[in-house]
Amino acid sequence: MPNMSLRKRVSSLRDSFRQRFGSEPAVVVRAPGRANLLGEHTDYNDGFVLPIAIDRSVLFAAAPRADRQVVLHALDLDASTAFSLDDLAPSSAQPWSNYQRGVAHFLQARGYRLQGLNAALTSDVPIGSGLSSSAAVEVAAAFAFRALNALDISLPDLALVCQQAEHEFAGVPCGIMDQFVSALGRRGHALLLDCRNLAYEHVPLPAGVRVVVCDTGVRRELAGSEYRVRRAQCEEAVRHLQAVLPGVQALRDVTPEQLAEHRALLPEVVYRRARHVVLATARMGQAVAALRLGDAVAFGQAMRDCHASLRDDYEVSCPELEALVDAANEVEGCYGSRLTGAGFGGCTVSLVAADAVSEFERHVVQRYRQQTGRETTVIVCAAEDGVGAI
Ligand code: ADP
Ligand code: MG
């Protein structure tokens with residue numbers, strides 16, 4: 001249900017809950033999707049990412065049950081399921097419910113005592129569009145369990161539980177960014193996250209900017225296999241560099257000067273992969289400083305530099321992504337644009353002046369069609385708060 005106001009979505013969800021369960025929900029939780037402004041392929045190198053929680057969210061209405069059953073109704077999928085808190089395992093018949101099963105499992109594995117619940121959920125985070133609908137689903141469910149059982153668990157730990165659920169119950173070996181920002185995002189701010197130790201800070205966004213996500217509509221199998229190759233190449237770079245820099249545990253620890261000095265130790269391709277990560281780490285500090293000063297132009301340049309490096313050094317772009325980024329850069333009021341995610345299709349993220357957004361959308365849709373014969377989906381986002389009860 002895109003573009004329906006939050007209040008309407010909540011009231012429609014409450015109606016559905018009442019019809020299905022014959023009672024009022026005890027809590028309605030909102031957990032947002034996310035977009036990442038800067039720091040791509042840095043998470044698995046112990047580096048930094050800079051996502052926002054967006055104004056698209058999963059809503060999860062729940063009420064406690066006296067027994068140990070969890071009864072779930074997914075309104076958008078028109079699907080229902082029930083499971084016992086005493087018998088938690090991934091379900092191949094109802095894979096959409098594995099996020100909730102996993103969250104319940106890993107909360108209990110940490111020693112938290114849970115009561116059963118009835119729940120209905122709905123979302124306007126598009127599925128599989130690079131905005132992490134799955135993390136929003138996990139964080140919403142985890143927060144509902146926390147609220148109904150008065151669990152003494154911090155939001156960072158809740159995010160870790162959700163990540164574990166995604167790893168073990170959905171089989172997706174994701175980083176921590178998506179769950180973390182869905183839990184801890186802040187309205188009007190980006191979240192700078194150190195993927196090594198989960199230290200974080202909120203960085204205010206300049207007034208009057210929007211984050212715009214454009215979907216190529218292309219998903220290539222290559223993204224998964226090449227992702228694994230990139231990870232292996234980063235590990236290879238670390239192994240070579242450790243011979244001369246014993247303190248290096250991950251590429252995040254390497255400065256641009258060190259990399260240049262020891263270039264000869266690395267095969268050419270591995271050197272270029274490492275250069276992307278090392279420069280991304282170095283770039284982040286300056287980019288965040290620019291953001292703090294309200295300098296959208298300087299920050300946008302960091303996004304453009306990041307894209308060039310993803311294209312030329314990391315080599316994860318493709319013609320469709322190039323067409324979208326080129327079209328975005330043609331619009332006055334677009335500060336910067338880059339591919340986001342694993343690459344080889346998927347989405348771009350752009351920083352755009354709020355008053356240029358409609359021209360941006362018009363131009364990008366038209367140019368993309370002209371260049372590729374394909375349609376792009378454009379999603380305009382604002383930075384919202386992380387998870388909470390409504
Ligand atoms: P994304 O990139 O959007 O996170 P994923 O494939 O990781 O895509 O996760 C999508 C899955 O999350 C869906 O297949 C479904 O199981 C679950 N999900 C997302 N949105 C909803 C929803 N509105 N209702 C129920 N489950 C949902
Ligand atoms: Mg996902």
Side-chain angles (χ1 to χ4, degrees), residues 1-4 6 9-10 12-13 16-17 20 28-36 40 43 49 51 53-54 56-62 70-83 90-104 118-144 159 162-183 213-221 223-224 227 339-349 377 379 381 387:
M1 305 180 219
N3 301 326
M4 217 206 275
L6 184 62
R9 291 175 60 217
V10 171
S12 145
L13 177 62
S16 303
F17 187 96
R20 177 150 297 257
V28 178
V29 175
R30 181 195 58 83
R34 66 97 187 93
N36 187 25
E40 211 67 62
D43 55 348
V49 291
I54 60 171
R56 296 224 178 190
S57 56
V58 167
L59 297 177
F60 192 96
V70 172
V71 181
L72 288 179
H73 183 53
L75 293 170
D76 311 317
L77 310 180
D78 196 19
S80 297
T81 190
F83 56 86
S91 155
S92 49
Q94 305 273 7
W96 62 269
S97 66
N98 285 335
Y99 304 97
Q100 294 86 351
R101 292 171 198 260
V103 159
N118 292 328
L121 71 142
T122 182
S123 171
D124 65 358
V125 186
I127 293 176
S129 285
L131 299 173
S132 204
S133 67
S134 61
V137 165
E138 291 149 11
V139 170
F143 193 89
C162 292
Q163 182 195 24
Q164 227 176 343
E166 179 126 6
H167 286 184
E168 308 288 333
F169 274 55
V172 179
C174 57
I176 186 63
M177 169 173 73
D178 302 358
Q179 292 81 7
F180 203 92
V181 71
S182 180
V213 173
C214 301
D215 194 336
T216 59
V218 175
R219 306 280 182 275
R220 292 206 173 82
E221 285 295 314
Y227 177 83
L339 76 85
T340 183
F344 303 102
C347 299
T348 64
V349 59
T377 317
I379 299 178
C381 305
V387 69

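Positions are given from 1 along the sequence. Indexing begins at 1, ligand by ligand and atom by atom, following the structure's order.
When Gln164, Glu138, Gln163 are each tested for a side chain to side chain donor-acceptor pair (under 3.5 Å) with Gln179, only one passes: Glu138. Under the side chain to side chain donor-acceptor pair (under 3.5 Å) rule, Ser97 has a single partner from Gln94, Gln100, Arg101, which is Arg101.
The pair Arg56-Asp124 fails the salt-bridge criterion, with no side-chain N (NZ, NE, NH1 or NH2) lying under 4.0 Å from an Asp/Glu carboxylate O.
Here the straight-line distance linking atom CG of Leu131 with atom OG of Ser123 works out to 10.0 Å at 0.5 Å rounding.
Annotation: side chain of Asn118 is in contact with side chain of Phe17 (closest heavy-atom distance under 4.5 Å).
The ring pair (Phe, Tyr, Trp, His ring centres under 6.0 Å) test applied to Phe180 returns Tyr200, not counting sequence neighbours.
Distance check for Ser132 against the Mg ion (ligand 2): none of its N/O/S atoms falls below 2.8 Å.
Within 4.0 Å of ligand 1, heavy atoms belong to protein residues Ala74, Asp76, Leu77, Trp96, Tyr99, Leu121, Ser123, Pro126, Ile127, Gly128, Ser132, Ser133, Ser134, Val137.
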